[in-house]
Structure formats: structure tokens, C-alpha cells
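Please read all numbers here as calculations on a predicted model, not as lab measurements. Just so it is clear: chains get the letters A, B, ... in the order the sequence lines come, proteins before strands, and each one is counted from 1.
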Number of protein chains: 2
Amino acid sequence: MIAYDKQSRIMLAVDCIIFGFDGNALKLLIIERGMLPEKGKWSLMGGFVQGDENPNEAASRVLNHLTGLKDIYMEQFQVFGEPRRDPTERTVSIAYYALIDINKYQHQLSTDYKAAWVELNQLPMLIFDHNEMVTAARQQLRYKAALHPILFELLPERFTIPQIAALFEQVYQVELDRPNFMRKLRLTDLLIKQPDKDKEGSKRGAHYYMLNQDVYRKKFSSFVHFVTQL
Amino acid sequence: MIAYDKQSRIMLAVDCIIFGFDGNALKLLIIERGMLPEKGKWSLMGGFVQGDENPNEAASRVLNHLTGLKDIYMEQFQVFGEPRRDPTERTVSIAYYALIDINKYQHQLSTDYKAAWVELNQLPMLIFDHNEMVTAARQQLRYKAALHPILFELLPERFTIPQIAALFEQVYQVELDRPNFMRKLRLTDLLIKQPDKDKEGSKRGAHYYMLNQDVYRKKFSSFVHFVTQL
DNA sequence: TCAAAAGTGTTTACTCTACACCCATGA
DNA sequence: TCATGGGTGTAGAGTAAACACTTTTGA
């Protein structure tokens, strides 16, 4: 077997921008590194692509390692490969964004890092080009969520319409007309109304809904157009 | 300086899916390899990411080397990284699609390969996972072009409305209602009508148009919604 | 009984679609 | 003068935006 002799090999990493929503604000799961290099600094969760796995598997592994979760919604969105982005050694990183239900997140036990949920607009300085990655991920999330119902991945199993509206308002930094937004949602057939109500947010209470998984899977790839004017 | 000692380095490549449009059919620029491995077989144009360049630069370089063109519209769209996709040695490839004006293409002189324009639906077997890359690129092109006016990159400087319509019909494999399509185009303010006509396609002749570059640049990133029903 | 948020209904403007029809011209 | 594709006009359906109004319930 021939090999590509003269070419240089490169470190290949994955980094994950992990979004969560606590009902009020969009949050990011970041880590404080417990090991060199850059010990003590904030960073995205990442890892190296191993010899026997493809990059998607690497990202799933990394996500699982941090959150304890499997089958997380995850999308590869951009490669970051400036020659000097990592001063230790040239490393090209494939960036993924992931959407998780913040309530399902379980603290993990590794001492390699401390994990923390941080509000997206109070993000600290991260190492390398990670802040740039976050900006790009947010952009990509907006793009995708305007057309596909992916934001439901951020909500718990049972949720209310005011919660979804708040989520969209956070993602797009706009105020939505609640009546019209509600009607739009109803017309998608994605929601199943539950008999009981959430009384947290108001006196009257808002009905709980669950996702209609069948419709959800079907509409996932087709355009849905949740947000019209961007 | 520390290095990531225990991690394995990987070959990193870029591959380009190069689209062109000859007025009738969508075409792809592929090469017949003149060197090992896989000598004599059809392949996408690609190359390795060098130590001092980022992947986008590598793709531009590769595109320029094959076509003689600079400032080609190009988008990174997916990483292909199955461990055994290249039997020679593990290689992860960043795939780009590019849109070029087929008339501007100049044959290059390298003897490393022979280049050929092939109709997209008569594509031969390509090496490795390149056919899969083409499928994904086509999908991505559809997605992007439904919302952004990128397909103009495939047209010559002066073009007619029937030409654009034919292009959209090729990309989406549909028949468009010409009157409505024309009106939609006019409403974008993207086109500047030329005084003369193209008499090739019909007796009456179709007016030439040129892109309004200012409007084009402005509308590039905002949603435009060229194709409604997908 | 009032305030506050959930939820419904209605009006109006706009956009999309289908398709009838006119235009220009070479054969 | 007629066939052919280029191009315009128009009516009806469908969608989006604005906002008035009703419902529920704890304080």
C-alpha cells in the first residue's frame, strides 16, 4: 500500500457549541479546563478525532462524555482551520452545535474540567477561536431554526406555548406577536394539547403541549418557515 | 511548547464539486487522474491542506489550479471522514462546492490529470466516496439557492430570463411557470435590462440582462426565497 | 373586581398561482 | 400569415400582520 509520503499530517479535533434554554435565556455549556494547555481558562468542550472513528462519532462521544446524554441533536456546521489558531500545534477543528434539553443534563464526574451553563450574552473569553465559533454557531442556529422546527430540541417533553415563544424571542432577539405566533404553531400540527396547565407564569395558566413525534420527524427536513422576516 | 503527544495526526484534504451550466444541463468538472493512486479513474478535483494555509485557501488554490480562475464562488459544506474512505491512508476531506461560469473556464496545462465537463445526471463512478459528495453538494446547492441568489454565479455576464428559468428547472427538476418566475425576478431588482436581444432560442428573441452588482451583494445574505414549494 | 397573561377572532394587506392573452419575428 | 417562444395582465386563493376582544384566575 502506498502512502501520501510528502504530505503533512494534522491534528484533527471536534468542538461542540452546546445550547440550552432555561425558560428565560439561551445558555451555553462550557468548561473550565483542568489540564494543560490553557488550564483554568474557559473553553468549548472538544476532543480529538480518533483513528477508528469518523468526526460525527467523535462529536457524539465528546457530547456524551460531558453530558451523559446520547442521541443529542447535533449538526456539523463549519471547519476552523487557521494555521495558528491553536498555538500548541497546528490543529484543525470541526465545529458542531448541539441542542439539548437543559433539564436532562446530568453533571458528569471527570476532573479534567468543570462544566458550567453560561448565558449566551454573558459569555466570557474562551480559548483560541472559540468565541468566533460561538458566533458562527448562533448564526447557523438562526438560519436553520427559521426553516426547520429544531428549537423543540431545547424544550422539555412537556412545554407551554409561552415558553416556545420566549425561546424564539431569545434566538432571534425580537418580540413576537403572541396571537399570530400561536396560530402559526397550531397550523403546523406539531403540537398535542395536554389537559393540564402550567400555573407558574400566570394566574390563568398555560396549557402544556407535547410534540407530535410523527409529524415532527416528517416535517424535519421540509421547509416549515417559522420566522418570516429576517 | 507542549504538543499533543498521544494523539494521531491525520491527512487533511479538500475536494471540490465544481458546477457549471451550459444553457441546457447542469455539469460537473471532474478529472481523470494521471497519477497513482487510482490512476485512470474519475475523481473530483482535490488536494491536501498544506501546513501554512487554512482549508478555504487550499480549496481556492485547488480550484485555481484546475480552472485558472480566481474569486470563484465557493462554499464549504461537509466534512467526509469515514476512517476507511481512502484505502491508501486515513484521510479526512473537507468538501466544497463551487459555481463557475462555464464560459470563463480555461483548460489548464497540468499533466497530472485530464479535466472534463460531465452532465450531472450522466456522472460516471468516481473514486472513494466522491459520488456521495456530489449528492450532498447537489442537495446543499438546492437548499442554498432556494433562499439566496447564488445561481447567477453559473451564468455568463449577459444572460436572458429563459436561461435563468432553464437553470432553475435543472437544479430543482421542476417545470416553472415562466410568467410568474419572470415577475418574481423583476421584483428582486437584481436585473438590469439590456437593449439588445438573444435571438438564438426563438424568433422574437429574449432580452439580455445583467446583474445589478450592488443589489446582488446586498441581497446575498438576506433571504430572498426564489423557490417557494420544495 | 381588577390586573395580567392566555388565547380567540377579524380585518386588511400582501403574495402566490393559474392561466388568458398579447407581442415580435422568421420561415 | 402562422407557429413559436417572449412577455404582460388579471382574478382568486392563500398567507401574514395588526390588533381588538374574550377568558381565566389569584390577589
Side-chain angles (χ1 to χ4, degrees), chain A residues 23-24 145-149 155 158-170 172-210 219 222-230, chain B residues 23-24 145-149 155-156 158-170 172 174-210 219 222-230:
Chain A
N24 290 304
L147 303 167
H148 305 283
L155 295 170
R158 290 154 44 82
F159 50 82
T160 66
I161 297 205
Q163 275 172 37
I164 312 177
L167 174 54
F168 272 83
E169 292 183 335
Q170 282 300 310
Y172 292 100
Q173 299 285 315
V174 290
E175 261 192 72
L176 293 173
D177 181 292
R178 299 300 177 94
N180 288 333
F181 183 72
M182 194 167 184
R183 184 180 3 260
K184 204 167 211 170
L185 276 176
R186 250 197 281 111
L187 289 172
T188 63
D189 278 330
L190 281 168
L191 303 187
I192 303 169
K193 196 179 202 165
Q194 304 301 114
D196 51 337
K197 289 181 171 188
D198 167 29
K199 299 279 221 166
E200 295 284 310
S202 71
K203 293 159 185 169
R204 179 175 174 182
H207 273 287
Y208 279 115
Y209 286 82
M210 294 181 69
K219 298 222 167 166
S222 59
F223 282 162
V224 175
H225 231 193
F226 270 94
V227 179
T228 316
Q229 80 306 347
L230 281 181
Chain B
N24 291 303
L147 303 167
H148 305 282
L155 295 170
R158 289 154 44 82
F159 49 82
T160 66
I161 296 206
Q163 275 173 35
I164 313 177
L167 173 53
F168 272 83
E169 292 183 336
Q170 283 300 309
Y172 292 100
V174 291
E175 261 192 71
L176 294 173
D177 181 291
R178 298 301 177 96
N180 289 332
F181 182 73
M182 192 166 185
R183 185 180 1 261
K184 205 167 210 172
L185 276 177
R186 249 196 284 111
L187 289 173
T188 62
D189 278 330
L190 281 168
L191 303 187
I192 303 169
K193 197 178 202 166
Q194 303 302 113
D196 52 337
K197 290 180 170 186
D198 168 31
K199 300 280 223 165
E200 295 284 310
S202 72
K203 293 161 185 167
R204 178 175 173 181
H207 272 288
Y208 279 115
Y209 286 83
M210 294 181 69
K219 298 222 168 166
S222 59
F223 283 163
V224 175
H225 231 193
F226 270 95
V227 180
T228 317
Q229 79 307 347
L230 281 181

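The distance between atom CE of A:Met182 and atom P of C:dA5, rounded to the nearest whole Å, is 16 Å. If you measure from atom CG of A:Leu185 to atom P of C:dA6, you get 14 Å, rounded to the nearest angstrom. Whole-Å rounding puts the B:Leu187 CG to D:dT8 P distance at 12 Å. Rounded to whole Å, the distance from CZ on B:Phe181 to P on C:dT15 is 18 Å. Remark: P of C:dT17 and CZ of B:Arg178 are 16 Å apart, rounded to the nearest angstrom. Going from atom CD of A:Glu175 over to atom P of D:dA17 covers 15 Å, rounded to whole Å. Per the geometry, CD1 belonging to B:Ile161 stands 16 Å off P belonging to C:dA24, to the nearest Å. Counting to the nearest Å, the P atom of C:dA5 and the CG atom of A:Leu176 are 16 Å from each other.
The minimum heavy-atom distance between B:Thr188 and B:Lys219, with the atom names listed, is O-NZ, 2.7 Å. Heavy atoms only, all atoms of each residue included: A:Leu190 and A:Pro149 are closest at CD1-CB, 3.9 Å.
With sequence neighbours excluded, no residue satisfies salt bridge (Lys or Arg N to Asp or Glu O under 4.0 Å) with A:Arg204. Applying the ring pair (Phe, Tyr, Trp, His ring centres under 6.0 Å) test to B:Phe181 and every residue at least two apart in sequence or in another chain returns B:Phe168. A:Asp189 pairs by the side chain to side chain contact (heavy atoms under 4.5 Å, CB included) definition with A:Val215, not counting sequence neighbours. Applying the side chain to side chain contact (heavy atoms under 4.5 Å, CB included) rule to B:Thr160 yields the partners B:Pro162, B:Gln163, B:Asp198, B:Ala206, B:Tyr208; only residues at least two apart in sequence or on another chain are considered. The side chain to side chain contact (heavy atoms under 4.5 Å, CB included) check on B:Asn24 picks up B:Asp22, with sequence neighbours excluded. Contacts of A:Glu169 classified as salt bridge (Lys or Arg N to Asp or Glu O under 4.0 Å), with partners at least two apart in sequence or in another chain: A:Arg178. With sequence neighbours excluded, no residue forms a side chain to side chain contact (heavy atoms under 4.5 Å, CB included) with A:Lys203.
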Can you pull every protein N or O that's under 3.5 Å from an N or O on nucleotides 25-27 of chain C?
none

Between the protein and nucleotides 10-14 of chain D, list every N/O to N/O distance that falls short of 3.5 Å.
{"from": "D:dT10", "atom 1": "O4", "to": "B:Arg183", "atom 2": "NH2", "distance (Å)": "3.4"}

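Checking B:Asp177 against A:His207, the closest nucleotide of DNA chain C that is more toward the 5' end is the one next to A:His207.
Checking D:dG6, D:dC19, C:dG7 against the side-chain heavy atoms of B:Ala206 singles out D:dG6 as nearest.
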